[in-house]
Structure formats: structure tokens, C-alpha cells
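Data first, discussion second: the structure below is written as C-alpha cells.
In this text, all values refer to a predicted model and were calculated from it rather than measured experimentally. Throughout, a chain's letter reflects where its sequence line sits, starting with A, and its residues are numbered from 1.
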2 protein chains.
Amino acid sequence: MVKDELDHKILCYLKENSRASYAQIGREIGLSASAVGERIQRLEQTDVIKGYRTLIDPKKMGFSVSAYIHMSLESKNFHSFVATLDSFSEIEHCSRVTGETCLIMKINVKDSDHLQRFIDRLAKHGNPSTQVILSDIITA
Amino acid sequence: MVKDELDHKILCYLKENSRASYAQIGREIGLSASAVGERIQRLEQTDVIKGYRTLIDPKKMGFSVSAYIHMSLESKNFHSFVATLDSFSEIEHCSRVTGETCLIMKINVKDSDHLQRFIDRLAKHGNPSTQVILSDIITA
DNA sequence: ATTGAAACTTATCCACT
DNA sequence: AGTGGATAAGTTTCAAT
């Protein structure tokens, strides 16, 4: 778990720059590299840190359309559908939520043709509703 | 830009493990560490790589409620509201989208009290509609 | 829990290809 | 555009505190 202010500072720093070296973080917060390393190892083992990701511009990878899709499913189909989600490479995020729609997902597709095919695939399992992303204002 | 299959492999690998060393990536794809380093530097400079992030469990940081909030605004208020978004530390993602709602955001708050206060803050500028996240099924 | 030193690994630069 | 060698920097482990 997050024990003290030093852990908090390490996490704040790592959050925005996961390739920072232990030595660099140590300099920032006034701790030796080995102490930083040990703390980070503990934060990884206790699942406070869930992974290290690289933010890649989907447009520059040929995925020029991004969208949020909301999807309602009949409860009897929910779990079987969720089990198939890994096969949808287009999905960046997917969360189960309260309210009328059961799932909200963020997806990246090549073009509107690809979007159409993706929606058609979803529509076999439920009722997708799409909002195309015009711009990302905050990207964590 | 992404030039060839090797760039693509580097990005796929970095995407899921941004702390991998150049040597480690090189071993994976059959390239020397220096060549990997040069390619990654180019991918950073051409903004294919937009940053390196650490995935932190918000629950373990004391933010036990996450939600999607949709918000419609009058067009005349849109840009002034967007300019104030940086002051909302609770927002993890925010995108402008097509359709009835102008913005979709993902937020992390401490508890339902905090959620209520956050919604009240938004409500001064537009019409927020909230769906609480029950579970994250896919987290990129 | 943190430090500092030792042994190991990686990043960066550059000459060569 | 890639390799391999040299050097500087970083990581990891561990005994001491």
C-alpha cells in the first residue's frame, strides 16, 4: 500500500514519466536510488502500480477514427460477451457501468468503414451506440 | 512516423511495458540496443510516442469511486469551460465527442460525497450525467 | 527503512560497415 | 540503417546501521 508522503511523491512522478530512472526519482525526492527501487518494487508487488504503458498516437499508427461506444446487453448475455472482449483489438478501454448502458468502451479504428464493421460485430450481442471523438482534451 | 515492421514491433512491446530496456526490446525483435534506441528516439521526436505512463490503482490511492460523466454545454460556454478543465484534478480522461453530449470524461473521486461535490462543480457550466464504473474490463 | 559499495546491466556516442 | 566497442550512468544486491 501507499505508506507515506515519499511513496506518494514517487507515484506522482512515475505516473507522468514511467521511464524515469530510480536515480532520477531519488534526486527529485531526496532518496537514494536503491531506496527508490525497493519502494517501487513493493508498490508493484502490492498492485498499487498496475503496469507501465506507452502512449502512442493512434492516428500515426493508421487508426484515424476513435470513438466511445455505449452498449446495453441482456443480462443473460453479459458474461459470455465480456469473455469475448479480448478478441476485439480495437478496444482501448472498456468498463462496466451503472445505468441504462452496461458497458462503455473507447475504441480506435482505421476509418469509417472499419467503424461500421466494428459496430456490426457488436450489434450481434447487444445494442451499441456510438459517439465519435473529435479531440482529446485530457489524456492521462 | 512508423516506417516498417520493426518500428511496429517496438511500439507493440513498449505499449504494454514502457520500462523495458532497449537491450531487452532488441533481444525480443532481433536488433542491437543502439538501433532500438535510435528508432525510439525518432518515434518520440515525430510524436508517434506521446509519453510514458504508469498505471496506478486509484482505489489504493484512496479514490474508491470512478465514473464516466457526459456533459452537454451551450456552444458559447464550451471553450471557456474547456480552458478550466486542468483545474479538475479528478479527471483522468476527457474527450470532445459528436452527438448530444459534447464531452465524455472519466473521473476518480474519493467517495460519493466527493462525487456529489464534483458534479455540483460541473453543473455550474452545463448538464452533467453520471455513470459509476462497476469494474474495468479492459484497461489499456 | 535507508545507505553506500560491489558487481552487473544498460544507455549513449562514434567509428566502421 | 545497423553493428560493436568504449565510457558514463543506472540497477541490484547486500552488509551495516
Pairwise 5' ranking along DNA chain D for B/Lys3 and A/Gln41, keeping only the more 5' one: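 Going by which nucleotide is closer to the 5' end, it is B/Lys3.
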
Atom [atom1] of [X] to atom [atom2] of [N]: distance rounded to whole Å?
X	N	atom1	atom2	answer
B/Arg27	D/dG2	CZ	P	18 Å
B/Ile40	C/dC13	CD1	P	15 Å
B/Ile25	C/dT9	CD1	P	18 Å
B/Arg39	C/dT12	CZ	P	17 Å
B/Ile10	C/dA11	CD1	P	12 Å
A/Arg19	C/dT10	CZ	C1'	10 Å
B/Glu5	D/dA1	CD	P	17 Å
B/Glu38	C/dA15	CD	P	14 Å

Distance-only donor-acceptor test, B/Ser34 side-chain atoms vs D/dG2 base atoms, 3.5 Å: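 Answer is no: no donor-acceptor pair is held.
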
Carboxylate-amine/guanidinium proximity below 4.0 Å for B/Asp136 and B/Lys106: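 So B/Asp136 pairs with B/Lys106 through a salt bridge.
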
Under-4.0 Å salt bridge between B/Glu90 and B/Arg117: no

Spatial distance of atom CD (A/Glu38) from atom CG (A/Leu31) [nearest 0.5 Å]: 9.5 Å

Aromatic ring pairing A/His93/B/His93, orientation class (parallel under 30°, perpendicular over 60°, tilted between): tilted

Nearest-neighbour nucleotide for the B/Ala35 side chain, D/dT3, C/dT2, D/dA1 considered: D/dT3

Nearest-nucleotide pick for A/Leu31, side chain only, options being C/dT10, C/dT3, D/dG2: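 Of C/dT10, C/dT3, D/dG2, C/dT3 is nearest to the side chain of A/Leu31.
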
Under 3.5 Å side-chain donor-acceptor pair for B/Tyr22 and B/Gln41: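 No, because no side-chain N or O of B/Tyr22 sits under 3.5 Å from a partner of the opposite role on B/Gln41.
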
N/O (side chain, B/Tyr22) to phosphate O (OP1/OP2, C/dT9) under 4.0 Å: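 No, outside the criterion.
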
Sugar-phosphate, base or nothing in reach of A/Gln24, heavy atoms under 4.0 Å: nothing

